[in-house]
Amino acid sequence: RHHPVNACLTPICSLYGTAVTTVEGIGSTTTRLHPVQERIAKCHGTQCGFCTPGMVMSMYALLRNHPEPTLDQLTDALGGNLCRCTGYRPIIDACKTFCKASGCCQSRENGACCLNQGINGLAELPEGDETSPELYSEEEFLPLDPTQELIFPPELMIMAEKQQLKTRVFRGDRMTWISPVTLKELVEVKFKHPQAPIVMGNTSVGPAVKFKGVFHPIIISPDRIEELCVISQDRDGLTLGAGLSLDQVKDILVAVVQKLPEEKTQTYRALLKHLRTLAGSQIRNMAVWGHIVSRHLDSDLNPLLAVGNCTLHLLSTERQIPLSEQFLRKCPDADLKPQEVLVSVTIPCSRKWEFVSAFRQAQRHQNALAIVNSGMRVLFREGGDIIKELSILYGGVGATTIGAKNSCQKLIGR
Ligand SMILES: Cc1cc2nc3c(=O)[nH]c(=O)nc-3n(C[C@H](O)[C@H](O)[C@H](O)COP(=O)(O)OP(=O)(O)OC[C@H]3O[C@@H](n4cnc5c(N)ncnc54)[C@H](O)[C@@H]3O)c2cc1C
Ligand code: FES
């Protein structure tokens with residue numbers, strides 16, 4: 001599987017056994033440009049060029065997984081890349097040339113959209129005028145040939161096959177990286193180093209190290225443990241392993257809401273709404289579900305998980321605790337113990353007459369922490385409009401996620 005990540009947040013130790021492809025690796029002007037690079041250049045998708053390597057790699061990763069992406073996949077893939085110069089239009093135009101359907105009606109003679117005046121929005125030229133109104137000519141583009149792409153290095157495959165399943169340790173001058181392979185080992189390591197963070201995504205620990213001077217002499221990275229990637233579903237709910245990436249969780253929820261009746265999927269739909277706008281695809285590829293126990297105050301997911309009555313499954317104590325408002329407010333008696341590890345989270349199905357909503361106000365649709373967010377759940381008395389249960393939680397507005405307890409109490413029964 002190919003996925004784009006933010007280089008600045010990816011710990012070098014986490015790359016053991018993986019193949020890293022950089023923008024220099026896929027093509028250059030001294031060798032041969034990759035079709036993505038060529039089309040972005042020919043479609044005038046670069047000005048200062050600052051964002052271009054990132055745009056190219058996001059598009060490259062998308063094409064490795066989906067050689068003919070849809071427009072939705074394209075916009076989602078580029079959601080984590082910001083450009084200050086081009087206004088995005090020429091970048092999207094270049095990338096759209098890889099899409100199967102162009103997204104327009106193509107009803108004009110030349111296959112252009114009926115909304116376009118002439119080509120590229122310009123008025124049609126008088127007959128005989130040879131000025132070309134086209135910004136680029138698709139005939140000049142290099143074809144995208146998936147068979148010519150880089151392959152996963154056979155040496156790494158052999159290495160993976162021969163590899164013994166045992167805890168991997170990297171020791172540096174200042175810090176140690178421990179990567180256990182079984183739950184038992186993970187629990188033992190965490191017991192020995194209760195203050196060491198569990199890092200799989202590093203998108204929150206990483207910035208704290210970089211920008212706030214936080215130092216962790218030991219990091220535990222359980223990125224090869226099967227139980228942390230569990231996906232199980234029964235009639236009451238869905239249990240998702242703490243090691244699944246946010247993008248994987250998004251895909252799982254998409255599949256679940258398609259299968260189950262709408263009344264059972266209220267919490268899943270609300271979570272999906274936030275997962276689609278949480279950061280960008282690079283961060284969602286790296287960040288794992290388990291981070292919710294860190295309870296960062298801007299978390300879009302936690303207010304929803306709390307109103308949705310989710311349960312946290314923990315080790316080493318083998319206990320289950322509710323992801324409640326008390327937990328999010330960091331009340332000591334609802335807290336995780338330092339040696340505890342989150343293994344999975346159960347999200348119950350919603351019931352008939354129950355509705356869950358997600359709200360979020362931020363400066364941008366994606367890639368911006370919420371100024372305020374909220375999760376709301378209401379259960380009406382069967383067949384009526386009297387409120388039986390109500391919970392509302394807000395994030396981003398206080399030191400922790402907070403509940404609107406008084407309002408809820410006043411509204412119940414009305
Ligand atoms: C550019 C950017 C944009 C963002 N936008 C949003 C946004 O719009 N909405 C939003 O809600 N968030 C946003 N975030 C925050 C994002 O949600 C978090 O950075 C991310 O989810 C953290 O996940 P991670 O796996 O990378 O955590 P890490 O940094 O690896 O770890 C975070 C913490 O979780 C703990 N932890 C992880 N797994 C476990 C486990 N199994 N058991 C016990 N403890 C565990 C670790 O010990 C650590 O303390 C954004 C972040 C970035 C960088
Ligand atoms: S071309 Fe300048 S930031 Fe995108």
Side-chain angles (χ1 to χ4, degrees), residues 5-6 8-11 14 40-41 44-56 79-88 90-91 183 186-187 190 193-211 214 216 219-223 225 227-229 241-247 249 271 274-305 312-316 336-345 358 360 362-371 373 395-396 401:
V5 296
N6 294 70
C8 60
L9 291 176
T10 307
S14 71
I40 288 188
H44 312 278
T46 188
Q47 285 184 25
C48 77
F50 202 80
C51 70
T52 313
M55 293 284 181
V56 167
N81 296 81
L82 301 180
C83 175
R84 292 160 55 133
C85 307
T86 71
Y88 298 100
I91 299 174
L183 264 189
L186 170 62
V187 168
K190 188 67 177 147
H193 308 287
Q195 300 313 323
I198 293 186
V199 170
M200 287 171 79
N202 197 44
T203 66
S204 139
V205 170
V209 169
K210 240 176 224 268
F211 303 117
V214 176
H216 299 291
I219 282 189
I220 304 171
S221 181
D223 58 359
I225 298 180
E227 291 88 336
L228 295 185
C229 295
L244 294 167
S245 73
L246 295 183
D247 232 33
V249 171
L271 282 167
H274 277 343
L275 280 167
R276 288 194 172 108
T277 55
L278 196 152
S281 66
Q282 292 87 347
I283 298 291
R284 291 197 302 265
N285 269 315
M286 298 170 74
V288 297
W289 190 222
H291 85 277
I292 53 173
V293 293
S294 66
R295 300 164 290 184
H296 71 87
L297 58 103
D298 311 289
S299 170
D300 288 332
L301 303 179
N302 277 340
L304 280 171
L305 294 170
L312 304 175
H313 303 273
L314 306 171
L315 275 181
S316 55
L336 250 64
K337 298 182 175 49
Q339 73 276 18
E340 277 182 328
V341 171
L342 176 70
V343 178
S344 59
V345 183
R360 179 177 195 277
Q363 281 172 338
R364 274 193 304 268
H365 189 56
Q366 284 193 14
N367 266 316
L369 291 172
I371 299 162
N373 59 28
T401 302

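Order of appearance sets the numbers: ligands from 1, and atoms from 1 within every ligand.
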Handout entry: Minimum-distance pair of heavy atoms, taken over all atoms of Lys210 and Cys8
Key = CE-O, 3.1 Å
Exercise for the section: Run down the list Ile283, Asn202, Ile220, Val288 and name the one with the heavy atom closest to atom 51 (C) of ligand 1. Expected result: Ile283
Practice task
May I ask whether His274 has any heavy atom positioned less than 4.0 angstrom from an atom of ligand 1?
Solution key: no
Exercise for the section: Check whether any N, O or S atom of Cys85 sits under 2.8 Å from atom 4 (Fe) of ligand 2. Expected result: no
Exercise for the section: For Pro197, take its heavy atoms, then give the atoms of ligand 1 lying under 4.0 Å from any of them. Expected result: 47 (O)
Problem - From Thr203, Ile219, Leu301, Ile225 - option closest to atom 26 (O) of ligand 1 by heavy atom - result: Thr203
Exercise for the section: Please identify which atoms of ligand 1 are closer than 4.0 Å to at least one heavy atom of Ala368. Expected result: 8 (O)
Fill in the blank from the handout: In short, Pro303 meets Ser299 closest at the heavy-atom pair CD-O, 3.1 Å
Practice task
Check for a donor-acceptor pair, side chain of Asn373 on one end and backbone N or O of Gly395 on the other, with a separation under 3.5 Å.
Solution key: yes
Practice task
Out of His296, Gln195, Met200, indicate the one that has the non-hydrogen atom closest to atom 17 (O) of ligand 1.
Solution key: His296
Problem - Ser245 backbone acceptor or donor facing Asn285 side chain under 3.5 Å - result: no
Exercise for the section: Spell out, as yes or no, whether a donor-acceptor pair under 3.5 Å connects the side chain of Asp223 to the backbone of Met200. Expected result: no
Problem - His291 N/O under 3.5 Å from ligand 1 N/O - result: yes
Exercise for the section: Ignoring hydrogens, just give me the one of Ala196, Ala279, Ala370, Ser294 whose non-hydrogen atom is nearest atom 3 (C) of ligand 1. Expected result: Ala279
Problem - Distance filter under 4.0 Å to Gly49 heavy atoms, resulting ligand 2 atoms - result: 1 (S), 2 (Fe)
Exercise for the section: May I ask you to list the atoms of ligand 1 that are less than 4.0 angstrom from any heavy atom of Gly201? Expected result: 24 (P), 25 (O), 26 (O), 30 (O)
Problem - Close N or O approach (Asn367, ligand 1; < 3.5 Å) - result: no
Exercise for the section: Take Leu186 and Leu228 through the test side chain to side chain contact (heavy atoms under 4.5 Å, CB included) and record every step on the way to the result. Expected result: CA-CA 11 Å; Leu186 170 62; Leu228 295 185; 4.2 Å; yes
Problem - Derivation and outcome, side chain to side chain contact (heavy atoms under 4.5 Å, CB included), residues Ser14 and Asn202 - result: CA-CA 10 Å; Ser14 71; Asn202 197 44; over 6 Å; no
Problem - Qualifying residue, where the test is side chain to side chain contact (heavy atoms under 4.5 Å, CB included) with Val293 and the options are Val345, Ile198, Leu342 - result: Leu342
Exercise for the section: Taking Arg360 for its side chain and His274 for its backbone only, find out whether a donor-acceptor pair lies under 3.5 Å. Expected result: no
Problem - Identity and separation of the nearest protein heavy atom to atom 31 (O) of ligand 1 - result: Val205 CG2, 3.6 Å
Completion exercise
for atom 3 (S) of ligand 2, nearest protein heavy atom and its distance come out as Arg84 N, 3.2 Å
Handout entry: Heavy-atom donor-acceptor pair, Ser221 side chain to Val199 backbone, under 3.5 Å
Key = yes
Handout entry: N/O separation below 3.5 Å, Leu369 to ligand 1
Key = no
Problem - Protein heavy atom at shortest distance from atom 39 (C) of ligand 1 - result: Gly290 O, 3.7 Å
Problem - Closest candidate by heavy atom, reference atom 37 (C) of ligand 1, pool Leu186, Leu312, Ile198, Asn6 - result: Ile198
Practice task
Name the closest protein heavy atom to atom 1 (S) of ligand 2, giving the residue it belongs to and the distance to 0.1 Å.
Solution key: Gln47 N, 3.3 Å
Problem - Check: His296 main-chain N/O paired with Asn302 side-chain donor or acceptor under 3.5 Å - result: no
Exercise for the section: Using the side chain to side chain contact (heavy atoms under 4.5 Å, CB included) rule, take Val214 and Val205 through it: C-alpha gap first, then chi angles, then the decisive distance, then the call. Expected result: CA-CA 8 Å; Val214 176; Val205 170; over 6 Å; no
Fill in the blank from the handout: Minimal heavy-atom distance between Ala362 and Leu369, with the atoms involved, is CB-O, 3.6 Å
Practice task
May I ask you to check if any N/O/S atom from Cys48 comes under 2.8 Å of atom 4 (Fe) of ligand 2?
Solution key: no
Fill in the blank from the handout: Atoms of ligand 1 under 4.0 Å from any heavy atom of Arg360, numbered from 1 in the order shown, are 7 (C), 8 (O)
Handout entry: Distance filter under 4.0 Å to Val199 heavy atoms, resulting ligand 1 atoms
Key = 30 (O)
Exercise for the section: Show which atoms of ligand 1 fall inside a sub-4.0 Å distance from at least one heavy-atom site of Ser299. Expected result: 11 (O)
Problem - Nitrogen or oxygen atoms of Leu342 and ligand 1 under 3.5 Å apart - result: yes
Handout entry: Contact atoms of ligand 1, heavy-atom distance to Val293 under 4.0 Å
Key = 43 (C), 44 (N), 45 (C)
Handout entry: ligand 1 contact by Gln366, heavy-atom criterion under 4.0 angstrom
Key = no
Exercise for the section: Starting from atom 9 (N) of ligand 1, find the nearest protein heavy-atom neighbour and note its residue, name and distance. Expected result: Asp300 OD2, 2.8 Å
Exercise for the section: Report yes if some N/O of Leu278 lies less than 3.5 Å from some N/O of ligand 1; otherwise report no. Expected result: no
Problem - Closest contact, heavy atoms only, Met286 versus Leu9 - result: CE-O, 3.6 Å
Completion exercise
Closest non-hydrogen atoms of Arg284 and Leu275, given as atom of the first, atom of the second and distance, are CD-O, 3.1 Å
Practice task
Identify the heavy atoms of Pro338 and Gln195 that sit nearest to each other, and give their distance.
Solution key: CB-NE2, 4.4 Å
Practice task
Just jot down the ligand 1 atoms closer than 4.0 angstrom to any heavy atom of Asp298, in number order.
Solution key: 11 (O)
